[in-house]
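Step one of this worksheet: look at the structure below.
Reckoned from all heavy atoms, side chains included, excluding hydrogens, waters and symmetry mates.
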Amino acid sequence: KPSYAPHFALQKTLGAHLLNLSYSEGFNAPTAATAFVAGTGLANDNLKTEHAKMWDLSAHGLFADTKFDYQLSLFSMNISDKLTQLASNANGVNYTYWANTGHQQNRGLEMSLGYVENFSSGFFKRIEPYFNYAYYDFKYKEFNTGGVDHSGNEVVGIPKNRASLGLDFTTHSGFYLNNTFNYMDRVFTDFGNTNKVKAFHQINAKLGYRRT
């Protein structure tokens with residue numbers, strides 16, 4: 001059957017700020033690769049096309065004529081007939097296959113804050129601090145695998161919180177120093193949310209010299 005993917009957007013400029021409200025739909029149709037089950041040598045002719053509907057409200061601009069820039073986005077995506085790769089065993093042979101496992105609701109918030117200061121003289125040429133944060137509430141809805149209902153559980157591989165904080169320096173002499181602190185929240189590795197990878201943080205620093 002025909003599939004439609006409409007997209008509507010409204011934009012409004014308010015001084016140094018830009019607001020955007022959009023609605024879009026999309027689809028992901030099964031392919032020959034996803035329909036063929038290597039473990040059985042048969043094709044899964046019952047696969048349905050995955051559809052998604054998404055609302056997004058975003059804003060970005062500058063704070064009160066300063067050098068502080070920001071971006072903020074709120075979104076909600078509803079996915080039906082979710083195509084998911086599953087694992088199975090037949091006659092002692094492990095294999096993977098694709099199936100429509102139900103619905104998925106993705107909601108989230110993404111934001112960033114940055115600042116840039118340039119110096120025409122002195123030791124420093126440029127100082128640039130920045131901060132990024134994301135909150136993801138991705139849940140299974142009417143989600144079944146092998147007769148087990150996983151509705152209400154968190155989506156595999158998606159962290160609840162993710163953040164990064166950076167501070168970069170550039171000097172007139174050519175030396176530069178980049179510093180980044182990253183945080184990743186725990187993620188679940190199974191549909192039942194019984195196994196997870198622990199949260200972690202990472203600090204990166206790079207010192208270099210650049211000359212033209």
Ring geometry between Y140 and F191 (parallel below 30°, tilted from 30 to 60°, perpendicular above 60°):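 Ring orientation of F191 relative to Y140: perpendicular.
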Parallel, tilted or perpendicular: ring planes of Y97 versus Y95, cut at 30 and 60 degrees: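 If you compare the ring of Y97 with that of Y95, the planes turn out tilted.
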Ionic contact status for K196 with D190, cut-off 4.0 Å: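 Salt bridge flag = no for K196 with D190.
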Atom pair CG (L62) and NE2 (H17), whose distance is rounded to the nearest 0.5 Å: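 Spacing of CG (L62) from NE2 (H17) equals 7.5 Å.
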Rounded distance [0.5 Å steps], CE in M77 versus CH2 in W55: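 The CH2 atom of W55 is 14.0 Å from CE of M77, to the nearest 0.5 Å.
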Test applied, ring pair (Phe, Tyr, Trp, His ring centres under 6.0 Å); reference residue, F169; option that passes from F123, F124, F119: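 Answer to the ring pair (Phe, Tyr, Trp, His ring centres under 6.0 Å) test with F169 among F123, F124, F119: F124.
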Check whether any side-chain N or O of [X] sits under 3.5 Å from a backbone N or O of [Y] as a donor-acceptor pair, and report yes or no.
X    : Y    : value
N193 : E154 : yes
S151 : E142 : yes
N179 : L167 : yes
H7   : A5   : no
E50  : L83  : yes

Note, T13 side chain near Q11 side chain (heavy atom, < 4.5 Å):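 Contact flag for T13/Q11 side chains = no.
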Geometric cation-pi criterion, R210 with Y176: 6.0 Å, 45°: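 Yes, a cation-pi geometry holds between R210 and Y176.
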